Amino acid sequence: MQGRGALGVVLLAAAFALALAGAPAARADGRCGTHPWCDTSLSPDARADLLLHVLTRDERIALLGGDDLTGVSGTGHTGTSFGVSRLGLPAVYFTDGPQGVRSGKATLLPSPLALAATFSPSLASAAGTVVGNEARHKGNDVVFAPTVNIMRTPLGGRTFEAYGEDPFLTTRMAVGWIEGAQGQGVIADVKHFAANQQEGSGGIPPLTGLSGSRFLVDVRVDERTLRETELPAFEAAVEEAHVGTVMCAYNRVNGAYACESDKLIHQILERDWGFQGFVLADYGAAHNPVASLRGGLDFEPWPAVAYGSLAVNVALAAGQATMAQVDEHVRRVLRTLFAYGFFDRGAYTDDEQFDRTAHATVARTIETSAITLMQNRGGLLPLDATKLHSLAVIGKPAAANPSRGGSAAVTPTAVTTPLAGIAQRAGAGVQVRYDPGSSLAAAANAARGADAALVFVTDGGGEGSDKACLHLTCDGSQPDHDALIQAVAAANPHTIVVLETGPVLTPWRDRVPAILEAWDPGQEGGAALARVLFGDADPGGRLPVTFPASVGDTLTAGADPQAYPGGLSVAYKEGVLVGYRWYDAKGIAPAFAFGSGLSYTKFHYSRLHVRRVRGGGVLARVGVDVRNTGRRPGSEVVQLYLGLPQPSPSIVQPPRQLRGMHRIELRPRHRIRLSFPIDARSLSYWDVASHSWRRAPGCYQVMVGHSSRDIRVAGAVAVAGAQCRGAVARIP
């Protein structure tokens, strides 16, 4: 949910979306021609059946797989299906896109984890609009994004590519992103379905190690955990955002490869959620043509191995597969293309005439709203340029724009580094001296005597490889980034640490006054960071992940090898206690809590009220007042958490679960009344016995606050006749 008070962010994001969409494009005549299946008065299913009927056997089989083996190094597209020229079936072009379009030069947006830190579905929509617009202008029809896998382990290599550890936050961001991208006329591809929470040691089998490799690991997860933590974002992508395609993952889930899983694809995705698009495989995730045809895989983009013509024909000749199965998968692909207008519009040509200035503005706004002020003792920030004489900027990331590679390997259209942004904003009267941090002694010397020292550090991990540890530096290389921070802090008491990381350990946090998390900041990161550092903008981000205080805080950081990394199998022993839910249930104090982040002003919460709603899908509404009590305008993310009762001793419930959020901007001394809807799903748990969502009678805790560990107002709601002392509302 988006706060009515977030006028600056919401209206700006909406303006971006409108500007990027522009006037309706003058579409060329559709490419379909005068064939019977080109009749737009027919349903997509009818049109697909007509086209399927005239395809030869070999043509149908060929449409199961992609045709271009060169990928981005050749055509510039991540994948291509060449179509059938004799029938006017055009080629379909695919591209990567979680952080920007991976073909040619494109706008490098802040990472999806940074986007999640904004807690703003409107900004997610703006990001999707940028990617969809650029994908279209680069001639692509399908964009492989968004990634919605829940962060289960803080060591996960692709943590940066998704939206953090909470299912509700991930769901709302994913829906916004998909709606923005598909609003540009491309088809989004939500991924990786499902339970792709770790990369392992990386590499290509058999070279990769066996410790939890994404290519080999069998995820052992119970039904309730899967339904409540990993699947909600996929479900909403299908039912709310109407995503056109779903990418199945490398790993196995409860014994079956995800791309061969009847349970995941046929039963959950298609039967339970009514998905009518098509399922495509991650690159190299298809293994066996027979199991894939039976399990629900519709398309293998690259390379067509399991769905290569030879493999499929062998399976057919052996009687292990049928042409009816082939036809069903091809029909789903064709139906999706008809449903999303692929045949009825002109081809998207590779003209690259997108609005680079407008897109850069979106990237800068997202990063400004994502930067999270984790610590600010003594009010060191914001910096006042009129009172500064010198600044020390230390660390190689300050002078670079690092990429984690893989599907996020975007070549930016332009880059403003943190060093450049800080120097420009500080002005000619402030000496800005830079040291790469290669030597602890040199870094300390550069910091000594400066009015403030800013240390920039990153962590490891990326597609194909999890992090080896939770520290900033894991491989023994020098200088160690933790040691670098401590050396600079010892030389300058006014040290500001700027993290470009996911969740890491911060053993030096008591020795530095200020910590900022800038995530992977994108091409406009330097300009955005300068605005926040000097107080031109309030630090708008809130943590979408928990920062642990020690390695042993969570069993998914290696404390229990069976829980992570596993070997050929990994056991999801934590159940539904993912992320902050684990810390809350176990009484473990994190270093920095989920949802936390400081503003340059203060906010006061009051007047919690819950009222029952009769009729419609909303059961109740939670109201709360929020007031900016400071002297500066500021941003706040107001968070609604619910605590559900335990239906039985064996059904564990987290102490609190995020169920609503409002991102607001308030001027000094101004107040806003916010309202959060509560629907049936918000009050429900997955009942394994009935295989359905159930609402248990009992007392439900309603909590509104600044973070998962900073609840400002709370009350109880009685549900289904329960007797709750001091209940603020009753819901039948």
Side-chain angles (χ1 to χ4, degrees), residues 108 110 363-364 367-368 371 373 375-376 380-404 412 414-460 472-473 477-501 504 508 511-537 539:
L108 176 59
R364 185 166 59 253
E367 176 62 11
T368 301
I371 293 171
L373 181 58
Q375 184 167 288
N376 192 25
L380 177 57
L381 293 174
L383 300 172
D384 186 346
T386 65
K387 298 179 180 179
L388 294 175
H389 298 92
S390 62
L391 287 174
V393 178
I394 297 166
K396 291 181 180 179
N401 196 342
S403 168
R404 294 183 188 262
V415 173
T416 301
T417 66
L419 179 61
I422 290 168
Q424 181 178 6
R425 178 58 182 83
V430 180
Q431 179 193 31
V432 177
R433 50 181 183 260
Y434 168 69
D435 183 90
S438 302
S439 161
L440 297 183
N445 187 57
R448 195 171 289 112
D451 292 326
L454 295 101
V455 187
F456 287 77
V457 291
T458 61
D459 61 350
L472 289 169
T473 305
S477 61
Q478 296 297 324
D480 180 284
H481 285 174
D482 290 313
L484 175 63
I485 292 171
Q486 296 185 57
V488 172
N492 191 318
H494 305 300
T495 294
I496 303 162
V497 176
V498 181
L499 300 171
E500 294 183 3
T501 68
V504 293
W508 31 261
R511 305 179 191 180
V512 299
I515 305 172
L516 278 172
E517 176 60 85
W519 316 104
D520 291 356
Q523 68 179 55
E524 293 295 314
L529 184 63
R531 295 193 69 224
V532 171
L533 286 170
F534 288 92
D536 302 324

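Note that the structure is a prediction, hence the values are computed from the model and not measured.
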Has the side chain of [X] got a donor or acceptor atom that lies under 3.5 Å from a matching backbone atom of [Y]?
X	Y	answer
E524	T416	no
T473	H481	yes
D482	Q486	no
D435	A392	no
Q523	L108	yes
E367	A527	no
R425	A420	no

List for me each residue that meets side-chain contact (heavy atoms from CB on, under 4.5 Å) alongside Q431, sequence neighbours excluded, and say none if there are none. S390, R433
List the atom of [X], the atom of [Y], and the distance in Å for their closest heavy-atom pair.
X	Y	answer
A447	I394	CB-CD1, 3.8 Å
F456	P397	O-CD, 3.6 Å
V512	A489	CG1-CB, 3.7 Å
N492	T495	O-OG1, 2.7 Å
D459	R404	OD1-NH2, 2.6 Å
A423	V432	CA-CG2, 4.1 Å

Can you tell me how far [atom2] of [Y] sits from [atom1] of [X], rounded to the nearest 0.5 angstrom?
X	Y	atom1	atom2	value
D451	L383	CG	CG	9.0 Å
I515	I485	CD1	CD1	8.0 Å
R531	D536	CZ	CG	6.0 Å
H494	L388	NE2	CG	10.5 Å
I496	Q375	CD1	CD	12.0 Å
T501	W519	OG1	CH2	7.0 Å

Between V504 and V457, does the side-chain contact (heavy atoms from CB on, under 4.5 Å) criterion hold? Intermediate values first, please. CA-CA 11 Å; V504 293; V457 291; over 6 Å; no
Take W508 and L472 through the side-chain contact (heavy atoms from CB on, under 4.5 Å) test and state the conclusion after the steps. CA-CA 11 Å; W508 31 261; L472 289 169; 4.1 Å; yes
Working for side-chain contact (heavy atoms from CB on, under 4.5 Å), residues L440 and L484: CA-CA 6 Å; L440 297 183; L484 175 63; 4.0 Å; yes
Is the shortest heavy-atom distance from the side chain of V532 to the side chain of T368 under 4.5 Å? yes
